[in-house]
There are 2 protein chains.
Amino acid sequence: MVQKSKKASPPPRIDSPVEPKRRGRPRAYQPDIALGKALDLFRKDGFAATSLDDLSAATGMNRPSLYGAFGDKRELYIKSYQRYRDDARAAMVDIFRNELPIKKRLECIYAVALDIYLSGDSGPRGCFTVMTAASEAVFDSEIRAMVLEGFSELDKAFAACFRHAREKGELPESADPTMLAQLASATIHTIAIRARARVPRKELEAIVKGAIDVMCR
Amino acid sequence: MVQKSKKASPPPRIDSPVEPKRRGRPRAYQPDIALGKALDLFRKDGFAATSLDDLSAATGMNRPSLYGAFGDKRELYIKSYQRYRDDARAAMVDIFRNELPIKKRLECIYAVALDIYLSGDSGPRGCFTVMTAASEAVFDSEIRAMVLEGFSELDKAFAACFRHAREKGELPESADPTMLAQLASATIHTIAIRARARVPRKELEAIVKGAIDVMCR
DNA sequence: GGAATTATTTGCGGAATGGTACAAAAAAGT
DNA sequence: ACTTTTTTGTACCATTCCGCAAATAATTCC
């Protein structure tokens with residue numbers, strides 16, 4: 001230890017990657033993976049059918065720890081949803097940004113979406129937004145705001161794709177990026193719903209293919 | 001009264017509109033309207049968040065009567081869903097069958113759909129299939145079968161519309177009715193979801209209009 | 001080593017849950 | 001009038017639910 005402890009002590013940055021020597025008893029869980037487990041449960045069963053006991057068992061945290069870490073059930077649900085959206089965005093953003101021809105790009109996007117919707121050990125979990133968040137959105141303004149923002153974000157991302165494709169001459173000048181984007185979102189929604197009802201991937205891919213053909217005609 | 005009461009006494013048909021003098025204490029409720037109330041609740045809150053107490057209060061039947069009339073909670077849910085589908089089908093079938101030009105027909109269909117999705121005293125209730133039944137469908141094969149049948153029915157009805165329109169020359173020969181139908185269903189799904197998140201009717205109508213333009217181009 | 005801090009563990013408590021048992025009530029059959 | 005049949009109303013049961021209080025444990029700071 002060369003460093004003198006006086007004056008020159010580096011101000012420990014907030015949220016530094018190196019844990020800043022927390023003060024009390026160390027946590028017995030990793031918040032990130034615990035939140036992931038909670039997300040899995042909420043995706044599987046929705047808000048009401050997921051009990052704190054279930055969450056406790058899945059995360060390995062007992063209820064008071066859960067409560068201390070994430071707040072009450074609703075807060076945990078919201079944090080799970082935020083996590084879901086962050087993950088989904090992370091999985092999509094590169095594809096939305098890349099330079100493939102429009103059809104290929106759409107294919108990639110839908111393939112990633114299907115991966116998300118069809119994943120799950122005990123059956124396809126569908127899309128968090130479509131399956132549970134939208135339902136809660138009617139009576140919970142905070143969730144509603146997230147859901148609406150999600151719709152808007154997806155619509156805008158698709159619209160940017162179509163606009164870009166039109167500028168590159170891949171689409172006719174008459175194509176309306178906004179309208180096409182809403183159809184592209186609608187296709188996302190329909191495969192999310194159908195996936196949850198165990199429609200096989202092949203059929204979902206056929207729907208995607210048909211939709212792309214119509215949109216990029 | 002000309003008719004003689006002997007020999008010609010009409011065999012009281014099962015389920016005849018005239019109640020065939022039931023044997024015991026008469027029911028204090030009307031099964032049809034009770035089921036309607038139950039449906040309202042399930043649409044609003046989903047399966048898990050709707051308690052038997054809620055259902056009992058809404059229908060005016062106490063729990064044992066509910067149980068006797070409709071079975072347990074799951075059976076009541078399924079019967080409510082059947083009722084929902086019957087109602088929705090009844091509201092749609094004429095429009096699917098009529099002879100308006102394709103665009104007008106689609107407009108009518110979506111207008112009726114929006115009426116259904118946006119109705120509700122305490123906020124838009126969305127579509128039963130999309131909001132709750134699809135979620136339950138993963139782990140309940142009976143519900144799943146109903147949901148899948150619903151998808152199929154809607155797809156087929158739309159496909160028939162498009163096929164008919166193509167034969168009448170309203171659509172180009174190259175149009176693929178099946179694919180267009182899936183897009184039309186996707187549009188139904190996207191407005192159902194967005195309606196539940198309180199997206200205003202105007203915006204939903206704009207989505208519908210854009211979708212119709214693309215599909216009937 | 002002791003104080004302070006933070007998490008964990010255990011377990012409680014009141015409410016709500018789905019479902020049912022049982023007696024009273026209201027009708028028809030005899 | 002009396003029995004039979006069906007539904008209603010009340011009450012109850014065992015379980016699960018969410019949230020919290022209090023005691024214990026593990027770590028850092030001084």
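Letters A, B, ... are given to chains in the order of the sequence lines, protein chains preceding strands, and every chain is numbered from 1.
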- Item | 4.5 Å side-chain heavy-atom contact, Phe162(A) and Met215(A) | yes
- Query: Are Ser152(B) and Glu149(B) close enough that some pair of their side-chain heavy atoms sits under 4.5 Å apart?
  - Reply: no
- Query: Are any of the side-chain heavy atoms of Leu55(B) and Phe42(B) separated by less than 4.5 Å?
  - Reply: yes
- Message: Rounding to an integer number of Å, can you tell me how far Asp45(B) CG sits from dT17(C) P?
- Response: 11 Å
- Message: In this structure, how many angstroms lie between the P atom of dT7(D) and the CD atom of Gln30(B), rounded?
- Response: 15 Å
So which protein N/O to nucleotides 28-30 of chain C N/O distances come out below 3.5 Å?
from, atom 1, to, atom 2, distance (Å)
dA28(C), O4', Arg23(B), O, 3.0
dG29(C), O4', Arg23(B), NH1, 3.3

- Task: Provide, to the nearest angstrom, the distance between the CG atom belonging to Asp54(A) and the P atom belonging to dT16(D).
- Result: 11 Å
Report each atom pair, protein N/O against N/O of nucleotides 9-13 of chain C, whose distance is under 3.5 angstrom.
from, atom 1, to, atom 2, distance (Å)
dT9(C), OP2, Asn62(A), ND2, 3.0

- OH of Tyr77(A) versus P of dC18(D): gap in Å, rounded? 14 Å
- Item | Side-chain H-bond candidate by donor/acceptor type, Ser119(B) with Arg125(B), under 3.5 Å | yes
- Can you tell me the distance, in whole Å, between the CZ atom of Phe70(B) and the P atom of dG18(C)? 16 Å
- Query: In terms of side-chain heavy atoms, does Asp53(A) have a donor or acceptor partner in Ser56(A) at a distance below 3.5 Å?
  - Reply: no
- Query: Thr132(A) and Tyr77(A): side-chain donor and acceptor closer than 3.5 Å?
  - Reply: yes
- Item | Which residue lies more 5' along DNA chain D, comparing Ala48(A) with Pro26(A) via nearest heavy atoms | Ala48(A)
- Tell me: OH of Tyr29(B) to P of dA25(C), nearest whole Å? 20 Å
- Please determine if Arg85(B) forms a cation-pi arrangement with Tyr81(B), meaning its NZ or CZ atom is less than 6.0 Å from the six-membered ring centre and no more than 45° off the ring axis. yes
- Pick base, sugar-phosphate or nothing for Ser56(A), based on heavy-atom distances below 4.0 Å to the nucleic acid. nothing
- Message: Under 6.0 Å from the ring centre and within 45 degrees of the ring axis: does the NZ or CZ of Arg43(B) meet both conditions for the six-membered ring of Tyr84(B)?
- Response: no
- Message: Ignoring hydrogens and geometry beyond distance, is a side-chain donor-acceptor pair present between Ser51(B) and Asp54(B) at under 3.5 Å?
- Response: yes
- Message: Could you tell me how far apart Glu75(A) (CD) and dC18(D) (P) are, to the nearest whole angstrom?
- Response: 15 Å
- Task: Please report, rounded to the nearest Å, how far the C1' atom of dA15(C) is from the CG atom of Leu52(A).
- Result: 14 Å
- Message: Check this one for me: any side-chain N or O of Tyr67(A) less than 4.0 Å away from OP1 or OP2 of dC20(D)?
- Response: yes
- Distance below 4.0 Å between Ser51(B) side-chain N/O and dT17(C) OP1 or OP2: yes
